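Read through the structure below, which is laid out as C-alpha cells, and then see the notes.
All figures in this text were calculated on a predicted structure; none of them were measured in a lab.
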Amino acid sequence: MNLKEQIDVNNIPQHIAIIMDGNGRWAKKKGFLRTIGHENGVKSVRTTISECAAMGIKYLTLYAFSTENWNRPRFEVQKLMEILIKSLKKELPTFTKNNIKLNAIGDLTLLPKKVQETLQEVIDSTKDNTHMTLTLALSYGSRAELINAVKEISFKVKNNLISEADIDESVINNHLYTNDLPDVDLLVRTSGEQRISNFLLWQIAYAELYFTEVLWPDFTEEELYKAILTYQNRERRFGKTSEQIK
C-alpha cells in the first residue's frame, strides 16, 4: 500500500499552512544562484496546490514572502517579485479549472505596483471559486498583523464602536488578515529548521507542527502525504484529556 492509500479520507486537515523553506540552500548545494532555487521551488508550489485540491483540503496557506524578506539582497527580492508575477499569470487557468480561489494576506501595499495589479487581477478572477482557498502570505509578519489588529480594536473602543467588555477571541479574529479563514490544523516547515518565523502566531494555537529535513524544491506529493499521515496519527485534545476525546 502506497502512502496516499494509507491516508484516512475522513480525517483530512481542513487548513494546512506551509513555511516553504530551503530554496537558497537547495541552489547552493548544486552550485547555482539562490534565485535558481526560488524558480525550482515554484514546481513544488504547483504540485502541493494540485494535490491539496485533489485531496479535498479546503484551505492552503503558503508563506511566500515575509516582512523580514525585504532585507534580502535587492537582486534576489526583485527576482522573487518577477517569479511571483509570472507564476500568477501562468496559474490562473489552473485555478479556474480546479475551482480554486486565490487570497492574499500581509501588508500588500509594500509590494511593487505591478505585483499588486497582477495579484488583484487573479484574486478578482477567482473570487467565486469554491473548491479550495489558496492564501499567499506576502509581505507578511504575524507580529505586524497583531499590532494592526490591536490598533483597529483600540480605535473602535475609543470611539464607542465596541466596548472593552466585548473584546474576545472572535473580535480579535475579525481584525486579523485571516478573518475569513479557519484556524490552522497542520503547519508544515521544510528544510530542517524548527521555528515558526513570525508566521500565523495566533492562528496556529492548536495546530499540529510537522518539520521535515526536505528542502522546498524537493517537496513532492509523497512528502505531503507523510505530513498528513503524521497529523492523522496524533491525538488532538484541545486542552482536554485523552479519555474525554474518546
Side-chain angles (χ1 to χ4, degrees), residues 1-23 25-26 29-30 37 40-64 87 91 94-103 126 129-137 178 181-197 199-201 203-246:
M1 184 183 295
N2 62 37
L3 288 178
K4 189 172 185 179
E5 291 173 338
Q6 297 175 41
I7 292 174
D8 179 0
V9 296
N10 296 311
N11 187 24
I12 297 292
Q14 180 184 29
H15 187 179
I16 295 179
I18 303 179
I19 301 174
M20 307 179 294
D21 196 16
N23 288 340
R25 274 166 284 172
W26 182 91
K29 283 175 63 176
K30 296 179 179 297
N40 279 269
V42 172
K43 299 175 184 176
S44 296
V45 171
R46 186 178 301 119
T47 296
T48 301
I49 293 170
S50 297
E51 198 57 31
C52 282
M55 294 177 68
I57 290 161
K58 294 297 295 181
Y59 300 91
L60 174 65
T61 301
L62 303 177
Y63 204 5
S87 298
E91 297 305 319
T94 303
F95 294 160
T96 302
K97 178 183 177 182
N98 294 306
N99 198 18
I100 296 172
K101 175 183 177 179
L102 182 68
N103 183 38
T126 62
N129 293 346
T130 58
H131 182 66
M132 184 176 82
T133 298
L134 168 65
T135 299
L136 299 181
T178 56
L181 301 177
D183 283 347
V184 176
D185 296 305
L186 172 62
L187 174 70
V188 176
R189 180 167 188 154
T190 58
S191 87
E193 302 292 355
Q194 297 188 21
R195 55 178 176 268
I196 304 306
S197 295
F199 185 47
L200 301 177
L201 301 178
Q203 299 87 341
I204 63 169
Y206 281 102
E208 297 300 320
L209 309 183
Y210 177 83
F211 301 104
T212 174
E213 297 286 336
V214 173
L215 300 175
W216 179 247
D218 293 327
F219 192 83
T220 61
E221 296 101 324
E222 294 294 304
E223 297 301 328
L224 177 64
Y225 303 153
K226 289 178 186 177
I228 293 174
L229 283 169
T230 299
Y231 165 87
Q232 293 186 341
N233 284 312
R234 294 180 185 174
E235 183 181 66
R236 306 189 75 204
R237 296 192 298 272
F238 300 95
K240 297 181 180 179
T241 65
S242 295
E243 290 73 20
Q244 285 177 300
I245 296 298
K246 293 174 182 177

Worked check of side chain to side chain contact (heavy atoms under 4.5 Å, CB included) between Leu187 and Tyr210:
CA-CA 6 Å; Leu187 174 70; Tyr210 177 83; over 6 Å; no
Pairwise side-chain contact, [X] with [Y], heavy-atom cut-off 4.5 Å (strictly under):
{"X": "Tyr231", "Y": "Asn11", "result": "yes"}
{"X": "Ile228", "Y": "Leu224", "result": "yes"}
{"X": "Leu136", "Y": "Thr61", "result": "no"}
{"X": "Leu62", "Y": "Met20", "result": "yes"}
{"X": "Gln232", "Y": "Ile12", "result": "yes"}
{"X": "Tyr63", "Y": "Ile18", "result": "no"}
{"X": "Asn23", "Y": "Pro217", "result": "yes"}
{"X": "Thr130", "Y": "Asn99", "result": "yes"}

If we count only N and O atoms by modelled type, under 3.5 Å, do the side chains of [X] and [Y] hold a donor and an acceptor together?
{"X": "Trp26", "Y": "Asp218", "value": "yes"}
{"X": "Ser50", "Y": "Asn98", "value": "no"}
{"X": "Glu51", "Y": "Tyr225", "value": "yes"}
{"X": "Arg189", "Y": "Thr212", "value": "no"}

So how far is it from [X] [atom1] to [Y] [atom2], rounded to the nearest 0.5 Å?
{"X": "Thr94", "Y": "Ile49", "atom1": "OG1", "atom2": "CD1", "result": "9.0 Å"}
{"X": "Thr48", "Y": "Lys43", "atom1": "OG1", "atom2": "NZ", "result": "14.0 Å"}
{"X": "Lys30", "Y": "Asn40", "atom1": "NZ", "atom2": "CG", "result": "8.5 Å"}
{"X": "Asp183", "Y": "Ile204", "atom1": "CG", "atom2": "CD1", "result": "10.0 Å"}
{"X": "Arg234", "Y": "Glu208", "atom1": "CZ", "atom2": "CD", "result": "5.0 Å"}
{"X": "Glu193", "Y": "Glu213", "atom1": "CD", "atom2": "CD", "result": "9.0 Å"}

For the side chain of [X] and the backbone of [Y], is there at least one donor-acceptor N/O pair under 3.5 Å apart?
{"X": "Glu223", "Y": "Thr220", "answer": "no"}
{"X": "Asn103", "Y": "Leu134", "answer": "no"}
{"X": "Asp185", "Y": "Ala207", "answer": "no"}
{"X": "His131", "Y": "Ala53", "answer": "yes"}

Heavy atoms only: give me the nearest Leu102-Thr126 pair and the separation to one decimal.
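It is N-OG1, 3.0 Å.
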For the residue pair Arg195 and Ile19, what are the closest heavy atoms and their distance?
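Of all heavy-atom pairs spanning Arg195 and Ile19, the closest is O-CD1, 4.0 Å.
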Checking side chain to side chain contact (heavy atoms under 4.5 Å, CB included) for the pair Leu229/Gln6: CA distance, chi angles, key distance, verdict?
CA-CA 8 Å; Leu229 283 169; Gln6 297 175 41; 3.9 Å; yes
Could you check whether Lys226 pairs with Glu221 (Lys NZ or Arg NE/NH1/NH2 to Asp/Glu carboxylate O, under 4.0 Å)?
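No, this pair does not count.
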Using the six-membered ring wherever Trp is involved, compare the ring planes of His15 and Tyr59 and label them parallel, tilted or perpendicular (cut-offs 30° and 60°).
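Tilted, since the angle between the ring planes falls between 30° and 60°.
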Using the rule given for salt bridge (Lys or Arg N to Asp or Glu O under 4.0 Å), can you reason through Glu91 versus Arg46, listing the C-alpha separation, both sets of side-chain angles and the distance that settles it, and then say yes or no?
CA-CA 8 Å; Glu91 297 305 319; Arg46 186 178 301 119; 2.8 Å; yes
For Trp216, give me all partners under ring-ring contact (aromatic ring centres under 6.0 Å, His included), at least two apart in sequence or on another chain.
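With neighbours one apart ignored, the set is Phe219.
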